[in-house]
Protein chains: 2
Amino acid sequence: MMRLSTKGDYGVRALIDLAIFGGDGPVQRSEIARRQQIPESYLDHLLAQLRRDGFVRSTRGPGGGHELARPADEMCLLHALESLEGSLAPLACLEDEAEDHEHSVLCGQQWVWREIYDETRRRLTAVSIADLAERERQRLRARTTNYTI
Amino acid sequence: MMRLSTKGDYGVRALIDLAIFGGDGPVQRSEIARRQQIPESYLDHLLAQLRRDGFVRSTRGPGGGHELARPADEMCLLHALESLEGSLAPLACLEDEAEDHEHSVLCGQQWVWREIYDETRRRLTAVSIADLAERERQRLRARTTNYTI
DNA sequence: ATATTCTCGACTAACTTGGTCGAGTATAGC
DNA sequence: GCTATACTCGACCAAGTTAGTCGAGAATAT
């Protein structure tokens, strides 16, 4: 159905959470899970992936937890999502590694999707985790004064 | 993984096939399947869906087969794909029916994907099955003179 | 030592994808 | 009305992905 899975959703929310609540020391997985409403044992896998790809680093033991591995404004949404979801190419033949392009099939649609894919990546590159965190901060402030949604 | 499935691929290719080889009478499912390299019994389901949504009509019995239900230049790629794949919204909360928007979660990313989704639909609306068929015709002509790909 | 926190792999249920198959229905032509 | 042709429809199935759970183990602060 061509949809982003919860991996990308949860994982990016974890990064945003770290951007907001990190800063003074590591944040525990259990805290992120509670705040973002993500099953902790599932979040475990997502953080592992983000660690492997250099988005977060972690320390064990009491007082340990997770931190962003680099500044939030140097992390774009595209790369975070690609880490969590794999390639976002809407067609396999648009993948970067696609040397064995079986573009013979569905070649007709290919050019349309190529443009859409390029445009999508351009937009996702222009948004950083810091941008998303800023929006989230505003939303959190608004919630304290608003009636409930 | 956020990818178009073979339903959209096969189904659109079937429509293109009908746009090219229809015109003088119905085209048999077996012919489409052979030309487009699609398992015939699978194509059956896709044509059923396209029939339900008014893209093709069919006649039974000897000499029967499938035809486009309306001119190919009045069928846009977006609607064909939506018939075959369901909504192309990258997030459930972007779906048209999403009244129960649980946009509280992942609200941070939502605006980005909203723009991407709008842009995607705009582009897919601008392309008709007739456009795709024309490209395919050119490709078929080229193949007769080219060395093999 | 011990409690805390992350790490890693195995396992699972539900769902989607990409089909296959067979019984049934409509129809053209004789 | 028979028969061959062609579509129709639902049941079924294997493989892969998603969205988890669980438990044993490793690192570390006190």
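Residue numbers start from 1 in every chain, and the chains themselves are labelled A, B, ... in the order their sequence lines are given, proteins ahead of strands.
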Starting at atom [atom1] of [X], determine the distance to atom [atom2] of [N], rounded to an integer number of angstrom.
| X | N | atom1 | atom2 | answer |
| --- | --- | --- | --- | --- |
| L47(B) | dA6(D) | CG | C1' | 12 Å |
| L46(B) | dC7(D) | CG | C1' | 15 Å |
| Q49(A) | dC6(C) | CD | P | 18 Å |
| E40(A) | dA19(D) | CD | P | 19 Å |
| R52(B) | dG10(D) | CZ | C1' | 11 Å |
| R3(A) | dT17(C) | CZ | P | 11 Å |
| I38(B) | dT20(C) | CD1 | P | 12 Å |
| E31(A) | dT4(C) | CD | P | 15 Å |

Open item on the list: Can you say whether a donor on the side chain of H45(B) sits under 3.5 Å from an acceptor on the base of dT20(C), or the other way round?
Closed with: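 Side chain to base: pair found, below 3.5 Å.
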Task: Distance-only donor-acceptor test (3.5 Å): side chain D44(B), base dC7(D) - done: no
Task: Touch class at under 4.0 angstrom, heavy-atom based, for R29(A) against every strand present - done: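 Since a base atom lies under 4.0 Å of R29(A), the category is base.
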- [ ] Tell me what T6(B) touches on the nucleic acid: a base, only sugar-phosphate, or nothing, going by heavy atoms under 4.0 Å.
- [x] sugar-phosphate
Task: Any residue of residues 53-71 of chain A with a heavy atom less than 4.0 Å from an atom of DNA chain D - done: R60(A), G61(A), P62(A)
- [ ] Kindly compute the distance separating OG (S128(A)) from CG (L78(A)), expressed to the nearest 0.5 Å.
- [x] 12.5 Å
TODO: Working to the nearest 0.5 Å, report the span between CG of L132(B) and CG of L15(B).
DONE: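 Interatomic distance, L132(B) CG to L15(B) CG, rounded to 0.5 Å: 9.5 Å.
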Open item on the list: Can a donor-acceptor pair be found, under 3.5 Å and without considering hydrogens, that links the side chain of S83(B) to the backbone of H79(B)?
Closed with: no
Open item on the list: For the backbone of A33(B) and the side chain of E40(B), can you confirm whether one donor and one acceptor N or O come within less than 3.5 Å of each other?
Closed with: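 Answer holds: no.
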Open item on the list: So, using side-chain hydrogen bond (donor to acceptor under 3.5 Å, both in side chains) as the criterion, who are the partners of E67(B) when residues are at least two apart?
Closed with: none
Open item on the list: Both Y10(A) and R51(B) contact DNA chain D. Which one's nearest nucleotide lies toward the 5' end?
Closed with: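 Of the two residues, R51(B) wins.
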TODO: By nearest nucleotide on DNA chain C, pick out whichever of Q28(A) and Y42(B) is the more 5' one.
DONE: Q28(A)
Open item on the list: Could you go through T120(B) and Y117(A), starting from their C-alpha distance and side-chain angles, then the distance that decides it, and tell me whether this counts as side-chain contact (heavy atoms from CB on, under 4.5 Å)?
Closed with: CA-CA 9 Å; T120(B) 298; Y117(A) 183 38; over 6 Å; no
- [ ] Apply the side chain to side chain contact (heavy atoms under 4.5 Å, CB included) test between L46(B) and each candidate in L84(B), D9(B), V12(B); give the one that qualifies.
- [x] L84(B)
